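These figures come from a predicted structure and were not determined experimentally. Scope of the values below: all heavy atoms of this structure, side chains included, with no hydrogens, waters or symmetry mates.
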Amino acid sequence: MKRLIITLFICLFFTSGIVNAQETQSGWANEWRYAFSKEGMKEWKPEFTLKRSGGFFTDRRMVTGGVRVDEKRSFALYLGQGDQWIDHAPASVYSIRTGVSFRRYWHLGARKTFAFYSDLSAGIGWVYKINGGYHETPDGDIYMISEEVGDMLFEVLWQPGIRVRFYKNIHMFFGPTLATDCIGVHWGIGF
């Protein structure tokens with residue numbers, strides 16, 4: 001529980017704009033106000049990403065679709081598929097995941113080719129398949145894992161990294177992944 005709370009505070013710190021010392025509180029509020037005004041909403045553009053992440057005994061594929069509200073922020077919905085290897089069982093647990101995501105950019109240079117970013121995502125998932133996870137004995141099967149098909153999962157992900165833009169909004173990105181069920185890396189392409 002402590003790890004989850006610390007991760008959430010770190011994510012909120014990096015995505016809230018506090019890190020950027022050039023922004024004042026009133027400037028930050030005005031940017032949000034403008035982004036959701038009638039004039040600001042006319043500047044919204046679609047943004048999609050294909051993302052893969054891997055960690056110790058985990059693998060995840062994800063697609064996001066959303067809106068870039070300005071040059072610094074985007075909101076998206078995601079859909080993903082993940083699998084986790086449980087070594088002591090042994091077992092593979094497969095799940096489908098969905099949720100919401102917020103991305104904040106800090107551009108490096110006037111051309112905005114390179115940028116640091118921070119993704120904060122939260123969602124739910126469902127276990128749809130389990131391979132293994134039990135030990136056969138003469139008296140019956142002994143289950144070695146607590147997961148069952150149909151179990152619901154809750155997840156929070158923080159994925160900071162660096163983005164390299166090639167043309168308009170076509171870009172590649174990579175960085176570390178810290179999640180409720182994974183510590184690893186992620187990479188992908190966006191457009």
Those residues that, when tested against D83, pass salt bridge (Lys or Arg N to Asp or Glu O under 4.0 Å) (two or more places apart)
R61
Under a single-linkage definition using a 4.5 Å side-chain heavy-atom cutoff for Ile, Leu, Val, Met, Phe, Trp and Tyr, are M41 and F75 assigned to the same hydrophobic cluster?
yes
Worked verdict on M62 versus S53 for side chain to side chain contact (heavy atoms under 4.5 Å, CB included)
CA-CA 8 Å; M62 187 183 301; S53 62; 5.9 Å; no
Where is the tightest heavy-atom contact between A179 and L157, given as atom of each residue plus distance?
CB-CG, 3.9 Å
Test of understanding: with side-chain contact (heavy atoms from CB on, under 4.5 Å), list the residues that count as partners of S74, not counting sequence neighbours.
E47, R68, R103
Below 30° counts as parallel, above 60° as perpendicular, anything between as tilted: where do the rings of H171 and F173 land?
tilted
The reported gap from CD1 in I162 to CZ in F116 (rounded to nearest 0.5 angstrom) is 5.0 Å
CZ of F166: more than 12 outside heavy atoms within 6.0 angstrom?
yes
Residue pair T64 / A76: nearest heavy atoms and the distance that separates them
CB-CB, 4.1 Å
Of all heavy-atom pairs linking G132 and A91, the shortest is C-CB, 3.8 Å
Can you run down the salt bridge (Lys or Arg N to Asp or Glu O under 4.0 Å) pairs that involve residues 182-191, sequence neighbours left out, and say none if there aren't any?
none
Contact check, side chains of Y78 and S121, non-hydrogen atoms, under 4.5 Å:
yes
Student check: side-chain heavy atoms of V93 and I145 closer than 4.5 Å
yes
Can you tell me how the ring of Y94 sits relative to the ring of Y128, calling it parallel under 30°, perpendicular over 60° and tilted otherwise?
tilted
Look at the side chain of H107 and the backbone N and O of E71, then say whether any donor-acceptor pair between them is shorter than 3.5 Å.
yes
Grab the two heavy atoms, one from R111 and one from R165, that are nearest each other, plus how far apart they are.
O-NH2, 2.6 Å
Would you compute the distance between atom NZ of K112 and atom CH2 of W106 and round it to the nearest 0.5 angstrom?
15.0 Å
How close do F48 and G65 get, counting heavy atoms only, and between which atoms?
CD2-CA, 3.5 Å
Where N169 and P46 come nearest, the two heavy atoms and their spacing
ND2-O, 4.5 Å
CZ (F57) and CD (Q84) are apart, to the nearest 0.5 Å, by 10.0 Å
Which residues share a side-chain hydrogen bond (donor to acceptor under 3.5 Å, both in side chains) with R97, sequence neighbours left out
S95, E155, D181
Contacts of type side-chain contact (heavy atoms from CB on, under 4.5 Å), residue V149, not counting sequence neighbours:
I130
Is there side-chain contact between P90 and W85, with at least one heavy-atom pair below 4.5 Å?
yes
Taking only residues two or more places apart in sequence, or in another chain, which ones meet V100 in a side-chain contact (heavy atoms from CB on, under 4.5 Å)?
L77
So, using side-chain contact (heavy atoms from CB on, under 4.5 Å) as the criterion, who are the partners of W126 when residues are at least two apart?
T98, I124, M152
Could you check S118 against W158 for side chain to side chain contact (heavy atoms under 4.5 Å, CB included), going step by step and ending with a plain yes or no?
CA-CA 7 Å; S118 177; W158 179 46; 2.7 Å; yes
Mind checking side-chain hydrogen bond (donor to acceptor under 3.5 Å, both in side chains) for D70 and listing every partner two or more places apart, or none if nothing turns up?
R73
In terms of hydrophobic clusters joined by side-chain contacts under 4.5 Å, are Y105 and V164 together?
no
Student check: side-chain heavy atoms of L153 and T180 closer than 4.5 Å:
no
Tell me every residue that passes salt bridge (Lys or Arg N to Asp or Glu O under 4.0 Å) with E43, counting only those two or more places apart in sequence or in another chain.
none
Residues that S37 engages under side-chain hydrogen bond (donor to acceptor under 3.5 Å, both in side chains), provided they are two or more places apart:
E39
Atom pair CG/OG1 of L108 and T113 - distance to nearest 0.5 Å:
10.0 Å
Without placing hydrogens or testing angles, list every side-chain donor-acceptor pair under 3.5 Å for residues 182-191, not counting sequence neighbours.
from: H186; atom 1: ND1; to: G175; atom 2: O; distance (Å): 3.0
from: H186; atom 1: ND1; to: P176; atom 2: O; distance (Å): 3.0
from: H186; atom 1: ND1; to: T177; atom 2: OG1; distance (Å): 3.2
from: H186; atom 1: NE2; to: Y117; atom 2: OH; distance (Å): 2.6

Taking salt bridge (Lys or Arg N to Asp or Glu O under 4.0 Å) as the definition, give me every residue that meets it alongside R52, ordered by chain and number, with sequence neighbours left out.
D59
